[in-house]
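See below for the structure under consideration.
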Amino acid sequence: MPRPLSYRRPALIAAAALGAFTLTTLPAAATSTPAQIATSKTNGVAYLKSLQAADGSYAGSGLSNEWAFSAFASAGTAAVDVAPGGDTSKNARTVYRNLLSTAGWPSSSPVVTDYERATLNAYAAGIDPARVSASRNLIADIYGYWQTAEPGYIGPFANFNGTVFAALALNGAKTQSGQARIPQALRDAVVTRLRANQHNDGGWNYSKAEGNPSQLAAASDIDMTGAAMAALCVSGVPNTDTDIVQAKAFLKSKLVPNSGAFNAMFGVNTDSNGWAVSGLNACGINPQTGDFLTSMGKTPVDFLIAQQFNPGGGFKYLPSDTAPTAYASIDGLRAVAGGGFTATPPVPTTPGAPQWVAQSSLTSGTATKLALTVDDGAGGLKVCSVALTPAGSTTTLGAVLDAATSAATPSGCVTSVTPSSGTGIITAVNGKANSGSNTWKVSIDGSAFTAATRGTVVGVGDTIAVRWGA
């Protein structure tokens with residue numbers, strides 16, 4: 001099955017083997033020890049560093065290795081500290097940020113998963129995904145794929161993994177201060193769709209199942225179950241929730257007793273195992289105890305470490321493979337290191353390198369996008385990406401709402417704003433007027449809602465939520 005995230009099935013990809021790396025015998029302990037995990041992380045990071053191109057890149061045309069940033073961060077390595085031959089001018093973070101900032105990225109026919117993948121990995125690399133550059137706002141790019149015909153889906157709803165990874169990206173990539181940047185109404189709408197697509201067996205698959213009894217009865221996929229679990233948990237769903245408990249039971253039912261692997265749709269492999277473990281990690285479920293310690297004393301982490309070549313550090317995709325692959329090595333390392341599908345960037349060791357990089361202001365005359373939600377307080381949530389060209393280093397809420405009437409994707413996010421000029425209190429949006437204590441309020445980047453005025457200052461990359469209510 002092809003993976004729209006441009007991230008799967010290394011068995012179909014020519015793998016670059018490092019011939020000098022040999023597989024050594026691993027300890028026979030049933031549960032991997034902290035020391036074994038530490039060694040796995042050290043060697044895994046070394047292998048991923050070897051994948052960096054001479055120009056410092058991990059990403060480019062076609063399939064790429066940018067997912068390495070999520071694995072690096074999970075393992076405690078800052079992307080800015082990864083540089084070919086120690087040349088800090090070519091560090092992985094700077095090169096990746098430059099790529100994302102180019103007008104031609106990702107392609108002439110992008111899909112939502114391009115922006116979701118970039119959001120998760122930019123965040124892990126220490127690049128604020130909403131402020132990559134004056135013109136690149138990955139959060140707004142994702143908002144542009146909101147499905148007005150089926151609210152809660154992001155990207156073509158038949159391709160369900162676009163909605164799953166939207167939840168992972170929008171909730172996992174927090175602000176630099178650790179604040180959830182999207183409003184609860186948007187989070188709830190997406191969670192509703194995630195729940196509606198859970199199969200009867202407790203798992204999920206890549207295609208839409210909601211409303212289709214035959215699809216809901218179909219066998220679930222290990223990979224997508226791990227991703228969907230993580231999507232729910234990073235959206236605030238507790239691991240005691242019925243849907244998470246059912247997903248956990250599904251994964252448990254697929255354990256292979258003598259190895260700790262999950263028997264996936266494509267057979268036993270590192271990538272499926274890694275996604276499942278990352279899902280468990282994201283939900284705070286220990287993949288080495290309780291339900292995930294098999295009758296023969298094996299765990300999913302045991303399986304992953306057994307798939308790793310040491311001291312080379314790469315992971316093989318299938319147990320029968322004789323060479324590592326990039327994707328298996330990324331998935332394996334991130335899972336063993338305890339990561340979900342992204343991670344807060346570590347503090348760099350490179351002198352003077354900040355934990356975060358971000359565009360600091362709008363650039364007058366440079367077109368940009370901003371992420372906007374409009375919640376009418378009665379279940380009518382509108383989500384869009386608003387294009388505008390600022391006249392200064394900041395803009396205003398009035399200017400954003402005005403732009404949204406004609407330059408929003410999807411259209412219809414804003415149809416009218418009252419008043420239409422000035423800097424005062426906004427009294428009506430989309431024909432709905434303030435009434436008593438129920439008024440239009442605004443939140444920027446997840447801040448508390450306050451009175452919405454046309455003059456409210458909006459900066460580069462701000463995620464804007466406008467809501468009617470008390």
Side-chain angles (χ1 to χ4, degrees), residues 100 112 115-116 118-120 122-123 127-146 151-152 154-155 163 165-191 231 234-236 342 344 356-362 367-376 381-388 390 393-404 407-410 413-414 426 429 440-453 456-468:
L100 297 180
V112 68
Y115 301 111
E116 294 160 354
T119 295
L120 291 163
Y123 177 79
I127 304 165
D128 187 329
R131 300 172 176 87
V132 177
S133 68
S135 58
R136 176 67 69 197
N137 179 343
L138 294 167
I139 303 301
D141 287 328
I142 295 172
Y143 270 41
Y145 286 83
W146 177 260
I154 299 178
T163 298
F165 276 83
L168 287 168
L170 295 177
N171 293 291
K174 296 179 172 24
T175 65
Q176 294 177 45
S177 63
Q179 174 72 39
R181 68 177 83 220
I182 70 168
Q184 189 65 45
L186 174 53
R187 187 175 300 113
D188 291 344
V190 177
V191 165
V234 300
S235 299
T342 192
T344 303
W356 292 98
V357 290
Q359 178 73 18
S360 60
S361 64
L362 294 167
T368 194
K369 294 179 182 178
L370 291 166
L372 172 68
T373 57
V374 180
D375 180 0
D376 67 3
L381 178 67
K382 296 181 181 295
V383 180
C384 61
S385 174
V386 181
L388 76 161
S393 59
T394 62
T395 187
T396 65
L397 178 60
V400 174
L401 295 177
D402 290 344
T409 304
C413 197
V414 178
I426 292 172
V429 177
W440 286 99
K441 297 176 174 63
V442 64
S443 166
I444 304 291
D445 276 357
S447 64
F449 280 88
T450 58
T453 69
T456 298
V457 176
V458 173
V460 64
D462 284 349
T463 299
I464 307 159
V466 176
R467 184 186 73 191
W468 186 90

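All values derive from a computational prediction rather than experimental measurement.
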Legend entry - Separation between NZ of K441 and OG1 of T450, rounded to the nearest 0.5 Å: 9.0 Å
Inset, instruction - State the CG-OG1 distance between L372 and T463, to the nearest 0.5 angstrom. - result: 10.0 Å
Legend entry - Any side-chain heavy-atom pair of L186 and W146 under 4.5 Å: yes
Legend entry - Point-to-point distance, once rounded to the nearest 0.5 Å, from CD1 of I464 to OG1 of T373: 9.0 Å
Inset, instruction - Could you tell me the separation between the NZ atom of K382 and the CG atom of D376, rounded to the nearest 0.5 Å? - result: 8.0 Å
Legend entry - Under 3.5 Å donor-acceptor, D462 side chain and G459 backbone: yes
Inset, instruction - Just jot down the side-chain hydrogen bond (donor to acceptor under 3.5 Å, both in side chains) partners of N137, sequence neighbours excluded, or say none. - result: none
Legend entry - Contacts of R136 that satisfy side-chain hydrogen bond (donor to acceptor under 3.5 Å, both in side chains) - sequence neighbours left out: D141
Inset, instruction - Look only at the side chain of R187 and the backbone of I182, and say whether a donor-acceptor pair between them is shorter than 3.5 Å. - result: yes
Legend entry - Closest approach of V457 to T394 (non-hydrogen atoms, all atoms of both residues): CG1-CB, 3.9 Å
Inset, instruction - Kindly give the heavy-atom pair with the smallest separation between A231 and L168, and that separation in Å. - result: N-CD2, 3.5 Å
Inset, instruction - Ignoring hydrogens and angles, tell me if any N or O in the side chain of Q179 forms a donor-acceptor pair with the backbone of G446 under 3.5 Å. - result: yes
Inset, instruction - Carefully, step by step, assess L397 and I426 under the rule side-chain contact (heavy atoms from CB on, under 4.5 Å). - result: CA-CA 10 Å; L397 178 60; I426 292 172; 3.8 Å; yes
Inset, instruction - Indicate yes or no: at least one non-hydrogen side-chain atom of L381 is less than 4.5 angstrom from one of V374. - result: no
Legend entry - Minimal non-hydrogen separation, A185 against D375, with atom names: CB-OD2, 3.6 Å
Inset, instruction - Before giving the answer on side-chain contact (heavy atoms from CB on, under 4.5 Å), spell out for L170 and Y143 the whole-Å C-alpha distance, their side-chain angles and the decisive distance to 0.1 Å. - result: CA-CA 9 Å; L170 295 177; Y143 270 41; 4.1 Å; yes
Legend entry - From K369 atom NZ to I139 atom CD1, the distance as rounded to the nearest 0.5 Å: 13.0 Å
Legend entry - Min side-chain heavy-atom separation Y123-D128 under 4.5 Å: no
Inset, instruction - Give a yes or no on whether the backbone of V460 and the side-chain of R131 come within a donor-acceptor separation of less than 3.5 Å. - result: yes
Legend entry - Exercise: identify the closest heavy-atom pair between T368 and S135: OG1-CA, 4.2 Å
Inset, instruction - List the atom of A130, the atom of R181, and the distance in Å for their closest heavy-atom pair. - result: CB-NH1, 3.4 Å
Legend entry - Side-chain donor or acceptor of T163 paired with backbone N/O of I154 under 3.5 Å: yes
Inset, instruction - Determine the minimum heavy-atom distance between T395 and A399, stating which atoms define it. - result: OG1-CB, 3.4 Å
Inset, instruction - Give a yes or no answer on whether the side chain of S447 reaches the backbone of S443 with a donor-acceptor pair at less than 3.5 Å. - result: no
Legend entry - S385 side chain to A140 backbone, donor-acceptor under 3.5 Å: yes
Inset, instruction - Inspect the contact between D445 and K174 and indicate whether a charged nitrogen and a carboxylate oxygen are less than 4.0 angstrom apart. - result: no
Legend entry - Pair F449 and W440, ring centroids less than 6.0 Å apart: no
Inset, instruction - Would you indicate whether the side-chain heavy atoms of F165 and L120 approach each other to under 4.5 Å? - result: yes
Legend entry - Approximate separation, where rounding is to 0.5 Å, of C384 SG and L370 CG: 10.0 Å
Inset, instruction - State whether the side chain of T119 and the backbone N or O of Y115 hold a donor-acceptor pair below 3.5 Å, judged by distance alone. - result: yes
